[in-house]
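Order of the sequence lines sets the chain letters (A, B, ...), proteins ahead of strands, with each chain counted from 1. The structure presented is a predicted model; accordingly, all values stated were derived computationally and were not measured.
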Amino acid sequence: MSVRDVLSPFTAWKNLFRDPVSIPDPLNRAAAPRYRGFHQNDVEKCIGCGTCETICQNGAIDMVPVEGIETKSGDSGLRPRIDYGRCCWCALCVDVCMTKSLTMSNAYTWVENDPDLFCFTPGVDKKHWDNAELGYHCPTDRRITGQVRAHMRELEPETRIDSFVEIVQGYSVEEAILEADRCVACGLPCATAITSAAWNCSTPATRFPASAAASAPTSARTPALPATKATRSPSAG
Amino acid sequence: MALYTPDRSQYPAKKADGTLDIDLASGKYLKLWQGPNHPGITGNMSVELTVCGDEVVEGKTHVGYLHRGFEKLMERRSFIQCFPIVCRICVPEPDFNEYCYAAAVEDLSGIQSPERANWMRALILEMGRINSYLMYLGGQAGALGLGVIGQWTTYARDLMLDRFEEMTGARIYHMFILPGGVRDGLPDGFDQRMEETLREIESTMKDVHDVMFHNAVFKKRTVGQGVIDPAWLDQYGVTGPNARAAGVAKDVRRDQPYLVYRELEFEPVIGHDSDIYTRSDVRRRDLLMSVDLIRQILAKMPRSGPLIADMPSMLHWKIPRGETYVRGECSRGEYGYYLVTDGSGFPRRVNVRGPSYTHAMALLERMIVNINISDVAALMVSLHTYPPEIER
Amino acid sequence: MRALHIRLQHLFPLGELTEQRPDLGFVTVPAAYLRPTLLHLRDREGYTHLVLLTAVDWLEEDLFQLTYLLSNRSTGCDIGLRVKFPRQAAHMESIHDLWPTAATYQRELREMFGIDFPGSPRLHEEFILEGWNDIPPYRRDFDTLKYARANYNDRPGRETHDPEQHMKQQLYPDGA
Amino acid sequence: MEQELKPELQIRKVKGPDGVEFEVEPLRDYYCEALPTVQHGAYIQIVEDFFNWARSHSLWILGFGTGCGAIEMRPLMTPRFDAYRYGIQWRPTPRQANLLVISGYLSVKTLKRAIRAYEQMQSPKYVVGLGSCTINGGMYWDSYNTIKRLDDYMPVDLYIVGCMPRPEALLAGFEDLKKLIRAGKAEGANQYAEKFDWYKSNQKRVIHDWDMPDYSW
């Protein structure tokens, strides 16, 4: 121990002459532009496919019918309702959103004394952060549900012109699995196309049993951990 | 080097089964609970002390106040659904969970994360390390009554959290390292703001060096106190700065380089006296090394290229049967994930190997014997343990 | 890793080596040979660091698997020893005298899987759980959701609709 | 399932310093058994309003980090966000605190300690639930070891949503709590006294190892 050890702690006093580091008005401080805050939903763009509900590991999302939105071909008429008593702001629902209608604003303050008020349907229940410019949006070049559409080979026009060979060459088994892998098993097309219901999202597994184990989707809505539906546990034995 | 020589004069005799013969009714011993709600405890945990006078004769760590059963919860979530919950395992430094989980999944599924993503990951991990060390320095000084250090380091940490926020979109739980890559690139002007933050942290560390490490009180209470015998390293699985302060250069970044650490220049920081002071000093120097590493990473990092590998659809992603162990060097030591898959879309078993697990249980119980009650807090903080990661 | 496996195979009846990475392998060891193998690895081969000790529940095969992961710092290699034994009255030899820290792992395994390690210190004290009254929670046959539903209340007011069913009902109410 | 009490909590005979033997029943002897009662406000409204105004400006938080959210308390205590300028400070012991912040999930083991801490606090006392986990289980909604709804076990005056809420959101929450207190609406402690049996039965339903007195103020 030296004289320095006794004296140097007093250098802390130099901070007396420093500008304060406190944020003058923390209550109105904006979050970063990418901040994952409260949800927004463009109800016009949303088709109610329920993929956000499927991927939510917290069972925070319910699909509920909304007044003024009709069920029509390509739109189930349901819209996601989010329970903020469950949400963890991981933004997987935003990443997985098929139409990119679900986004997150960078608003972050919501205080209530009634815990039942934290269930809301973004885009339908009006909130002060609706139409916020900043916030988290899924980058356009990243998808977590399958890659781009597998290209189906066709014959070149030069070959087509003098032959009767089938122009569209079809998929190989691997390509077909990749293509089937893009299905999110939302059930929307299957519900309207009643006649082809047998040819629905569960077909790849039955058509290609040999390679089905690799990555083909099993029947509809598999990985969901539904909050209120009958639940299945992978540990069921 | 000062070696641990226990003074057993006050120590109670051992019974036949190896436990201590402590007769509480005799009035010679007193049971004292430190925690879970106690200012001198590192988090929500407690230590049951048996004291004789003001000397501790036996200490038992009690954990479980933060147990959420992650390893069970992950067994019923698909691989992508596990990704948001793993970071909750360790609150002050969550990124290692994300990295180790992602790396374990990639290892078993044969996916290679792109080069740019690896640099981003290394950047995040080093930023998280700085956060964790800043938190530690405040706690270590606070445990000895130097409150001002905590005020400074928390401010510096908060600046780093701002950088995290603009990069990842969250302050504490970043949920940024997806299996296969990372979520996004750097925002515009990040380098410059990062450089300002690093400068601020360096100037804070200079003050901390003057006020904490050259403080007569701090030196008096920490030099020669709480020594880890190098022979205990293997017995108790001691890793990280606790081992490096004992003169053993255990550093996963050097021993088994992961991500981009092969391309970075650094030397593991070691100390030799293995007491509380040396451990604090090793962490302080390690923090400054991380500052340097961040500068290197930002200089060498590719600015374009893919951020995430080509992945199968996460909604029905299955991984073939296998098992693996992936480790990284977090601010407290070796952090690792042991992942077993069975060919389904869900992990069969995940085991998180956090360094706090061994440090706070077996090692602390061994070291706490024969020290003064007032030094318990300093000793516990000096092992740098985070309770949520012990019990998961 | 291969060379080590060959050296070990001369001494102990080991299973096949699963080489996950060049520096990480897993090998199955009969329960009776676990201790000599661990001792050999620790004292002769330099695998002095017990990284972790954990269990995997193979419910379908009615087996527990214990994984002892050892690390050799000088070569940077890890080897995992797998020991499988039946789930009924599961017990295993304690290794707390080889690595004192193993006692903590064994306490956790006792509580979370119900595997007994006779002789391990403080094995029967409560570790993480307090007042637990069900089967050990990390076993595969323990359903955490069912337990949570039975013991804790969810907030009411949640209901969801399956988009496919909802569409069918709305568009074809008569089941066309 | 009945759990046996720990040896130090069982009824036992002790020999005093004067040589007289007497019986000690730890769970009865050490604590006051008087149950909480509803505290009525001052008779004159303006006096009560003045009290409430004063109360709202001295929120003393118990520094008990029960879960993740506690990590955002540290920035609040330090100069950057500086909650002290809003009349908020942290105290190490429940006796000096009047605001219990449940920072996120509560495991059953912590719930037991949190109840002890809450009961030892002086009235009027307030509880703030922080983060999703206190509202409906949050991301631990299927965990076997965490409670899902905090309001089953203790009266909650305010919820701040987020996982975890930012320090700014916490400050906004505390400002809202002040408004509630000034309006005389933060009546959690009285609610606890009124529905004491209901709260106790809920608590005992999840805490199987109940080795504490029913009320320990």
Undergrad: Heavy-atom distances under 4.5 Å only: say whether A:W110 touches chain D with side chain, backbone, both or neither.
TA: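 Looking at A:W110, backbone and side chain both touch chain D.
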Undergrad: For D:F51, look at atom CZ and say whether over 12 heavy atoms of other residues, nucleotides or ligands are found less than 6.0 Å away.
TA: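 Counting other residues, nucleotides and ligands, CZ of D:F51 stays at 12 neighbours or fewer.
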Undergrad: Mark yes when over 12 heavy atoms from residues, nucleotides or ligands other than D:Y84 sit less than 6.0 Å from its OH; otherwise mark no.
TA: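 Yes, OH of D:Y84 has more than 12 neighbouring heavy atoms, counting only those of other groups under 6.0 Å.
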Undergrad: If you count heavy-atom pairs under 4.5 Å with chain A, which of D:R85, D:K185, D:M164 comes out on top?
TA: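 Ranked by heavy-atom pairs under 4.5 Å with chain A, first place is D:R85.
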Undergrad: Quick one: closest heavy-atom pair of D:C163 and A:C87, and the distance?
TA: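 Residues D:C163 and A:C87, closest heavy atoms: CB-O, 4.1 Å.
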Undergrad: Check whether any side-chain heavy atom of D:D151 lies under 4.5 Å from a side-chain heavy atom of A:P115, and answer yes or no.
TA: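 In contact.
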Undergrad: How many angstroms lie between atom OG of D:S132 and atom CZ of A:F118, to the nearest 0.5 angstrom?
TA: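 Taking OG in D:S132 and CZ in A:F118, the distance rounds to 9.0 Å.
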Undergrad: Evaluate whether atom CG of A:N131 has more than 12 neighbouring non-hydrogen atoms of other residues, nucleotides or ligands under 6.0 angstrom away.
TA: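 For A:N131, atom CG is not crowded (no more than 12 foreign heavy atoms under 6.0 Å).
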Undergrad: Check whether any side-chain heavy atom of D:M139 lies under 4.5 Å from a side-chain heavy atom of A:C90, and answer yes or no.
TA: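 Heavy-atom side-chain distance check fails, nothing below 4.5 Å.
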Undergrad: Quick check on A:P24 against chain D: is it the side chain, the backbone, both or neither that has a heavy atom closer than 4.5 Å?
TA: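 For A:P24, the contact with chain D is made by the backbone alone.
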Undergrad: Got A:L117 and D:Y159 here, is their nearest side-chain heavy-atom distance under 4.5 Å?
TA: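 No, side chains not in contact.
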Undergrad: Considering only heavy atoms, give the residues of residues 167-181 of chain D separated from chain A by less than 4.5 Å, sorted numerically, with 'none' for an empty result.
TA: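 Listed by number: D:E168, D:A169, D:L171, D:A172, D:G173, D:E175, D:D176, D:L180.
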Undergrad: Any chance you could measure D:N136, atom CG, to A:N58, atom CG, to the nearest 0.5 Å?
TA: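 Output value for this atom pair is 10.5 Å.
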Undergrad: Once rounded to the nearest 0.5 Å, what's the spacing between atom OH of D:Y86 and atom CG of A:L27?
TA: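 The distance works out to 4.5 Å.
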Undergrad: Would one find more than 12 heavy atoms of other residues, nucleotides or ligands at under 6.0 Å from atom CZ of D:R74?
TA: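 Not buried by this count: 12 neighbours or fewer within 6.0 Å.
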Undergrad: Check whether NZ of the Lys or CZ of the Arg D:R166 lies under 6.0 Å from the centre of the six-membered ring of A:Y35 and within 45 degrees of that ring's axis.
TA: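 Yes.
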Undergrad: Return the CD to CG distance between A:E112 and D:L158, rounded to the nearest 0.5 Å.
TA: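 If I round to the nearest 0.5 Å, the distance is 8.5 Å.
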Undergrad: Could you tell me which portion of D:P79 (side chain, backbone, both or neither) has an atom closer than 4.5 angstrom to a non-hydrogen atom of chain A?
TA: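 For D:P79, the contact with chain A is made by backbone and side chain together.
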